Colleague: 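Submitted below is the structure of interest, expressed as structure tokens.
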Amino acid sequence: MTSSLYRKYRPPVFAEVVGQEHVTRTLQNEIIQQQIAHAYLFCGMRGIGKTTVARLLAKAINCEQRRKQDSEPCNKCQSCQAINSGRSLDLLEIDAASNRRIDDIREIKEHIPYGPSQSKFKVVIVDEVHMLTTEAFNALLKTLEEPPAHVLFILCTTEVHKLPETIVSRCQRFDFKRLSSAVLFERLRDLAKREGIKVEETVLGQIVELAGGSSRDAEGYLGKLITLGEKTITPAVASLVLPHSDLAQALDFIGYLIKAETSRAVELINSFLEEGGDIAYFYRQVLNLMRKMLLVKLGGKLADEASIDLLPEFQEKLIDLSSRLTQARLQLMLERWLAADSSWRSSELWQLPLELAAVEIGSLTNTAKVEGSNSDENSKAKTATKANLPADKVEASGLNLQQITERWLEVVADLREYNHSLSFILSVARPIKLEGETLTVGFSYQLHLDRVKDPKIIKVVEESLAKIFGIKLRLRGESDEATTGADLLSNVLTTFGGQVIE
Ligand SMILES: Nc1ncnc2c1ncn2[C@@H]1O[C@H](COP(=O)(O)OP(=O)(O)OP(=O)(O)O)[C@@H](O)[C@H]1O
Ligand SMILES: [Mg+2]
Ligand SMILES: [Zn+2]
């Protein structure tokens, strides 16, 4: 059913193709000026109009009724209708994903010398062209080197980086763009209107978000809603068929990590799972958003592109979140989240690596000052803790505890180079006292404390402290109950056994 919807909505003229004006305008000019290339290469992600535009081009150049100053196909003549119904003898469409071999290419080549049977041009569209075998590429290349005048090749691919440069350089290349949320939103609204159903804007927004920039995906979801047979689609109705969207949750989750509200972050992971959410998808979603935050931090053009496929409300949220932490901290957070992917894939408890990452990130944030955090309870609590400590008393070392606390992450990051598990242990510990040149660090777990009593370990940490603070500090471990999320972490560790440590 949904596939028929694509066919139904496949734009019959260039004017209905949205978001690819940079392609359609150029092509339409070439059509009018009769300056068609011999081979085109259409690149870009799935469902954004490559095949659509390829067929439009084929139709336009073979249209029997098109006037010279016009670039649109008429969709009425024999040639146009044959293409629209998939019966044209002069349009050869090959899916390279299933016809990868040299024989398949030879077959195309055999067709070519005869020229078009009814029209001016013979058009060959090769979809997913990057899938061809090397031999097939070579065979194709020979044809591209000396193409007969009446043949037009249109190669389409979602993975242009897999194409040999020899092929790319022989084609006129067009990069199709991921469709922005605004463009998709308008397209959906337009299609719903044509179908005579009213889809509430919240639902349209949900679809846009699920579609990830692909018009085909967006139309697929709309198709599912249409089959419900309702005249009005409310969010409640939509929830029957649309997959649970989790962008809002992923953003909340990142917010919790930044504010070190670790237990809320872990709760969110678990309630997400209980509601039948796909944890791997959630993981990627969070990763993707963290990456976007990094791009926002880098600024300029990157920042604009980062959020183009998000709805405005989510764009705002993303920018707000990005402003709440430094680039260095974001980078650490991203690295730690990234690391959760490969580890423990086989774990029975899928959520565990993510929980652990959340706990660790929460502690990273906890040990240092949370920038830009407003007067939420959590940061009040932290200020209160700080006030109890003689934090700003400058010691003989010329440092004070707060300076050390603020740069604790750098120590954690530095040690990571040397030993991941040690770095982890220090990331969930915190500096609690500085007396002269002795730095006391609090550990919530005996296990950790024992580990840092090892003279070899002490030496490593002290070297790192010297590197970062430019002074020789002595490390002393102490047991510390006060670390936020301690119970939670110990739960996690118990479940996980001793493996976190080594
Ligand atoms: N830019 C667009 N404007 C309007 N509709 C579009 C656009 N892109 C895709 N669509 C809709 O999505 C359907 C699929 O598009 P199309 O087959 O052209 O995608 P594609 O880029 O070739 O994707 P794939 O790489 O998966 O083959 C079209 O029939 C059309 O309904
Ligand atoms: Mg296609
Ligand atoms: Zn026509």
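Counting starts at 1 for both ligands and their atoms, following the listed order. The structure displayed is predicted, hence computed values, not measured ones.
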Colleague: Among Glu128, Lys177, Arg216, which one puts a heavy atom closest to atom 14 (C) of ligand 1?
Modeller: Arg216
Colleague: Could you tell me which non-hydrogen atom of Ala60 sits nearest to which non-hydrogen atom of Arg66, and how far apart they are?
Modeller: O-NE, 2.8 Å
Colleague: I'd like to check which ligand 1 atoms, numbered from 1 as shown, lie under 4.0 Å from a non-hydrogen atom of Val18.
Modeller: 1 (N), 2 (C), 3 (N), 4 (C)
Colleague: Which atoms of ligand 1 are found less than 4.0 Å from any heavy atom of Thr52?
Modeller: 15 (O), 16 (P), 18 (O), 28 (C)
Colleague: For ligand 1, is Gly47 a contact, meaning one of its heavy atoms is under 4.0 Å away?
Modeller: yes
Colleague: Answer yes or no: does an N/O atom from Gln20 fall short of 3.5 Å to an N/O atom of ligand 1?
Modeller: no
Colleague: One thing to verify: whether Lys142 and Glu145 come together as a salt bridge, which I'm taking to mean a side-chain N less than 4.0 angstrom from a carboxylate O.
Modeller: no
Colleague: Which residues satisfy the side-chain hydrogen bond (donor to acceptor under 3.5 Å, both in side chains) test with Glu186, sequence neighbours excluded?
Modeller: Arg189
Colleague: Does the distance from a Lys or Arg side-chain N to an Asp or Glu carboxylate O, for Lys120 and Asp90, drop under 4.0 Å?
Modeller: no
Colleague: Heavy-atom contacts with Pro11 under 4.0 Å: which atoms of ligand 1 show up? List them by number with element.
Modeller: 4 (C), 5 (N), 30 (C)
Colleague: Show which atoms of ligand 1 fall inside a sub-4.0 Å distance from at least one heavy-atom site of Thr158.
Modeller: 25 (O)
Colleague: Which residues pass the salt bridge (Lys or Arg N to Asp or Glu O under 4.0 Å) test with Glu72, not counting sequence neighbours?
Modeller: none
Colleague: If you count the atoms of ligand 1 from 1 in the order shown, which ones are under 4.0 Å from a heavy atom of Lys50?
Modeller: 18 (O), 20 (P), 21 (O), 22 (O), 23 (O), 24 (P), 25 (O)
Colleague: Looking at Lys193 and Asp190, does any basic side-chain N land under 4.0 Å from a carboxylate oxygen?
Modeller: no
Colleague: Charged N to carboxylate O below 4.0 Å: is that the case for Asp252 and Lys317?
Modeller: yes
Colleague: Give every protein N, O or S atom lying under 2.8 Å from the Zn ion (ligand 3), naming each by residue and atom.
Modeller: Cys63 SG, Cys74 SG, Cys77 SG, Cys80 SG
Colleague: Short N/O distance, under 3.5 Å, between Arg187 and ligand 1?
Modeller: yes
Colleague: Between Arg173 and Asp175, is the closest basic N to carboxylate O distance under 4.0 Å?
Modeller: yes
Colleague: Less than 6.0 Å separating the ring centroids of Phe176 and Phe42?
Modeller: yes
Colleague: Do the side chains of Glu16 and Arg194 get close enough for a salt bridge, i.e. N-O under 4.0 angstrom?
Modeller: yes
Colleague: Under 2.8 Å from the Mg ion (ligand 2), which protein atoms of type N, O or S occur, listed by chain and number?
Modeller: Thr51 OG1
